[in-house]
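Here is the structure we will look at, set down as structure tokens.
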Amino acid sequence: MAIVSAGLFKHPTRSTGIAGVGLLGTFTYCHTYKINRVSFSSSIPSSYYCHATLSTTMEEVKSTFDADEAAVLVNKLRKTFNSGKTKSYEWRISQLESISKMVDEKEKEIIEALYEDLSKPQLEAYLSEILMVKSSSKLALKELKQWMIPKTAATSLASYPSSAEIVSEPLGVVLVISTWNFPFSLSLEPIIGAIAAGNAVVLKPSEIAPATSSLLSRLLGEYMDQSAIIVVEGAVAETSALLEQKWDKIFFTGGARVGRIVMAAAAKNLTPVTLELGGKCPAVVDSNVNLQVASRRIVAGKWVCNNGQACIGVDYIITTKEFAPKLIEALVSVVEEIFGRDPMESKERSCIINSFHFSRLVNLLDEDKVSDKIVFGGQRDGSQLQIAPTILLDVPEDSLIMQEEIFGPLLPIMTVERLEDSFAMINRKPKPLAAYLFSDDEQIEREFVQNVYAGGMAINDTILQVTVPSLPFGGVGESGMGAYHGKFSFDAFSHKKAVLYRSFAGNLRQGTRLTRQKNKSKSKPYSVETYLKLFLLYSDGLKTESMRTDPLDEGYGCPLFPYVMGKGK
Amino acid sequence: MEKSIAELRETFKSGRTKSVSWRKKQLKAFLDLVNENEDSIFKALDQDLGKSPVESYRDELGIVKKSATYSLSCLDKWVAPKKGDLPLLLFPSKAEVIPEPLGVVLIFSAWNFPITLALDPLIGAISAGNTVLLKPSELAPACMSFLIQAIPQYLDNKAIKVIGGGADVGERLLELRWDKIFFTGSPRVGRLVMTAAAKHLTPVTLELGGKCPAIVHNTLSNPSKAKVTAKRIVGAKWGPCTGQACIAIDYVLVEEKSASTLIELLKKCIQRFYGGNLKELNSISRIVNKNQFQRLVNLMKDPHVAASVVYGGSVDEEQLVIEPTILLDPPLDSEIMNEEIFGPLLPIITVKNIEESIEFINSKPNPLVIYAFTEDETFKKRILSDTSSGSVTFNDAMIQFLCDSLPFGGVGQSGFGRYHGKYSFDTFSHEKSVLHRAFYPELEPRYPPWTNFKLMFIKLAYGFDYLGLMLLMLGFRKS
């Protein structure tokens, strides 16, 4: 893995959906893209390499789902999409209702599958997976009509008389690749958006959470419209077969390394992508906070959140030198309160997903300059795939644990002289998906919001920003691109088609229509002054004399074309 | 090159470009640049493309001036954080969405509108507070050297740089890490740009082209409307850089019975606008270079295509001028009907019934725009719901480009991402969501150890069932 990543992809982060099984396959796959996608002047047709790769991958994994089959599948969905079925409001509503119904009826099975994959405690599973999906589908059902209504846009004097609107249209056939840490909600959240926007969807759940993957395949088959929503289970080979196809949108949740592969594959067909990646999400803790509440919220954003295996979980803490011991003490007491004296025995935490990740985490802990920094925890049990909640103090910044996304129950605490120094420390690293601040000082808060680059932020809390549908959820830089949740999910799967209606003459009907719309809209994008300026601006183009006398011009037509009436330059 | 990019990164890090006053100052300087150099810009455009000053003003200078003025007047509103609604449960909290600049952005522009397509995105990038490297197209050399010389004189040259050079420079630029790449050009290069961007997870906006159809329906029956229709078609075919525009009309779809009327009107209009024959042509741009010229001539070489020419067809290789040319029903499998024409050739495709035009359009990749001249409301609705394109304009052409309130951008083969007006600002911004919370009250049921009471609480909370929650808290509801 490390060798693969070192060459081309600089930030080896967590292994996700594609990379977990069949590492050899992954290697071949990346390697191909290295030759094929990134070299700019390659004259060899891209398909040459792709087919070669695919066949080797196929041999190794011995899958039955190949590119041909994927093509058949996409064709089938495209047929459905072209029939216009998925565009209708009724179809979208019926599918969203099916999702709600499915979640309600199969609650128990879903929780069991999550327990099998991640030993996720029942209530945590309920909280972070089932309820998220439920509230999202509920919101979509309630708001869909509103979302689908074309938005009126103001028109300018230059195009008077006219009216304009922005119509949301579905993109077509979309691919959703989800991941294993929240295998249920991270699969269904994007699907809700895709359906709400009227697309046909293929979901590829993560094979690293096999129980949930097969459950999703079974349930979606049972509840959803089979001609438009399909689940393809599988690992590297299946994913590469899918990525070979032409999609109208790819929505990917996972690691940055695979994100690059997905985007490079999408480039071949000019497919837009949304990449939901991760990053090292910092939590900055000021010394003036309510320590009890702050540490509970940090614990909630670290160990209670899938045992740290969450892309928006707290990755590390930055605090001042003198405050660090107090914070550690408070964190330890909250951990003991929640998970008991011996956290290894607690059933309230998820386990580490698999032995690959277990040993990755153990390696992070056992690095030379890191292992002596452990101030709490550190116990591990390979047979249970469990690592105790572990706090480390002042690990070197160049250690592996501070370089890659931890994605597990280890919490390094970094100290700075002044709290403001933390901003530079965060901005030195790639932009994280989330940044957290605990402080009572409004000045610090303002500076933090202004100066720290991150996908999203929560002040004095963790994780909760994800549950607010009015906030877009998505990364920036290394933490990804594009956003979703609530209306933003709908937008992520829609094309915003600009529509301009013009008439042939400045007749009254058009005129009044325009005025009415202008009165209705609260925001006034064009002030009178702007109109005047625009007019003056374009009146420069009216300087030719012949235009008013030209019989073709009879008083209508656009003021933009008359220049051509003036013969000669 | 590496050094100047490091400087851009340094400038961005200093935070200077983030301040609204810096952005406004740059936009004002930008307006000065355009106002004080009108003549040099006219000259450069004439040199590169033979554009007349009026056309240059309409399609280039006017547009960027308007954009910059508009951005200046709206900037305060755009940078203000937007409030997000919050559920009562999270009270007291505050949610907002704050636009933040992406960082160091790269803009590739194209040769057909060498000023607009370079400066319009630049306005967006500056408004959003980024530092910018602009790579104008080397195929419009006079405009490129104008930009290289003028921009450092007016704008903050530690934050906004222009780089000259050809494809090799482009390749080297793509090797580097950017926070956003904005590309205007062809799908072929668009793919290369996106592939290179994937390496650094750089978001891209691709403004590509496509075969933009114009459907002419029932507007020909009324003589004066027919005249306007013809004028607008001619204006949107040969007007913008003699058809070398991504939103120019590529071909026309019309019912068989109306084809001859339309052609007659178009001919009249062409003669009135641009003059009768090749020698007398004026007010029309030329073809950008020999390559493009040859490509266009080759499109007409196919004997079946050549036989379909009903007007024009003559060319002047020395002056790189092609007469406005109308073709009636060239074979559908010919090259001219399968690649973007990007020149002064206008195929007219006849259909039995205008409804067929929808299937015809759908059989091709998504165009950047669909134009439709029709007064039939049901047909308008059908076009909107049954076709997919970047945008749709009814009863006119090109003019949607001027509307700052409308997003401009493609879908499918015509690209993705959008700009103009506020959308330009958004394209170069990251929308950072920020949730501010207070320390009290605390929602205890968020934390383990888990109990049934907490489960019930959370269920009710997600359902925003406040009455139920109250009952639960008071112990009136079984957990």
Side-chain angles (χ1 to χ4, degrees), chain A residues 37-38 40 121 123 127 131 135 153-156 158-159 164 167 169 259-260 263-264 267 270 272 290 293 296 300 304 338 348 449 456-461 464-465 468 470-472 476 478 481 495-502 504 525 530 533 537 540-541 552 557 560-561 563-564 568-569, chain B residues 52 54 57-58 62 65-66 69 73 84-86 95 171 187 190-192 194-195 198-199 201 203 224-225 227-228 231 235 273 282-283 384 388 391-396 399-400 402-403 405-407 411 413 416 430-437 439 442 446-450 454-455 458 462:
Chain A
R37 300 265 153 255
V38 179
F40 201 79
L123 209 130
L127 184 64
L131 282 175
S135 58
T155 49
S156 70
S159 61
V167 177
E169 72 175 23
R260 289 180 164 86
M263 188 170 169
L270 292 172
N290 179 320
V293 175
R296 295 195 74 159
V304 181
I338 290 181
E348 310 279 8
V449 170
M457 289 182 161
I459 311 296
N460 294 334
D461 212 326
L464 270 192
Q465 77 273 23
V468 180
S470 62
L471 289 179
V476 58
E478 281 288 311
M481 60 184 85
H495 164 60
K496 302 287 165 193
K497 180 153 80 175
V499 184
L500 181 67
Y501 297 87
R502 284 271 283 152
F504 287 96
T530 322
K533 273 184 198 158
L537 200 68
D540 275 15
L552 255 181
L560 293 171
F561 294 122
Y563 77 93
V564 282
K569 290 176 190 174
Chain B
S52 100
V54 193
Y57 198 94
R58 183 197 62 177
K65 266 192 192 177
K66 176 202 58 130
T69 316
S73 66
D85 293 336
L86 276 175
E171 278 175 38
R191 288 187 175 88
L192 295 177
M194 188 172 170
T195 308
K199 205 171 39 162
L201 289 173
S224 66
K225 282 180 185 169
K227 271 183 201 163
V228 177
K231 243 168 56 170
F273 283 7
N282 62 45
S283 297
L384 279 190
S388 175
S391 56
V392 178
T393 298
F394 289 109
N395 296 332
D396 208 334
I399 200 156
Q400 77 280 5
L402 295 176
C403 300
S405 58
L406 287 178
V411 60
Q413 290 296 295
F416 55 81
H430 164 61
E431 291 206 312
K432 179 159 77 176
S433 59
V434 181
L435 178 67
H436 300 264
R437 290 268 288 145
F439 283 99
E442 180 67 322
R446 280 168 71 191
Y447 310 105
W450 302 125
K454 290 180 180 177
L455 178 63
I458 291 166
Y462 266 88

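- Atom-to-atom distance recorded for Cys403(B):SG and Leu500(A):CG is 5.0 Å, nearest 0.5 angstrom.
- Note that CE of Met457(A) and OG of Ser433(B) are 9.5 Å apart. Values are rounded to the nearest 0.5 Å.
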side-chain contact (heavy atoms from CB on, under 4.5 Å) between Lys497(A) and Val411(B): does it pass, once the steps are laid out?
-> CA-CA 9 Å; Lys497(A) 180 153 80 175; Val411(B) 60; over 6 Å; no
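- For Phe439(B), the parts lying under 4.5 angstrom from a heavy atom of chain A are both the backbone and the side chain.
- Remark: side-chain polar atoms of Arg437(B) are not paired, donor with acceptor, to backbone N or O of Asn460(A) under 3.5 angstrom.
- Between Glu169(A) and Leu384(B), the shortest heavy-atom distance links the atoms OE1-O, 4.3 Å.
- Interface summary for chain B: among Ala498(A), Gly456(A), Ser470(A), the most heavy-atom pairs under 4.5 angstrom belong to Ala498(A).
- Proximity of Ile459(A) to Val434(B): side-chain heavy atoms (C-beta onward) are separated by under 4.5 Å at one or more points.
- Proximity to chain B involves both the backbone and the side chain of Val449(A), based on heavy atoms less than 4.5 angstrom apart.
- The distance from atom NZ of Lys496(A) to atom OG of Ser391(B), rounded to the nearest 0.5 Å, is 14.5 Å.
- Between Lys454(B) and Leu123(A), the shortest heavy-atom distance links the atoms C-CD1, 4.1 Å.
- Between chain B and the residues Pro272(A), Ser135(A), Pro121(A), the most heavy-atom pairs under 4.5 angstrom are made by Pro272(A).
- The contact between Val499(A) and chain B is made by backbone and side chain atoms together, counting heavy-atom distances below 4.5 Å.
- For the atom pair CG (Leu435(B)) and CD (Gln465(A)), the distance works out to 6.5 Å, reported to the nearest 0.5 Å.
- Between the OH atom of Tyr501(A) and the OG1 atom of Thr393(B) there is a distance of 10.5 Å, given to the nearest 0.5 Å.
- Across Val167(A), Leu131(A), Asn290(A), the residue that shares the most heavy-atom pairs under 4.5 angstrom with chain B is Leu131(A).
- In this structure, chain A has heavy atoms under 4.5 Å from both the backbone and the side chain of His436(B).
- To the nearest 0.5 Å, the span separating CE on Met194(B) from CE on Met263(A) amounts to 4.5 Å.
- Nearest heavy atom pair, residue Leu201(B) against residue Gly259(A), reads CD2-C, 4.1 Å.
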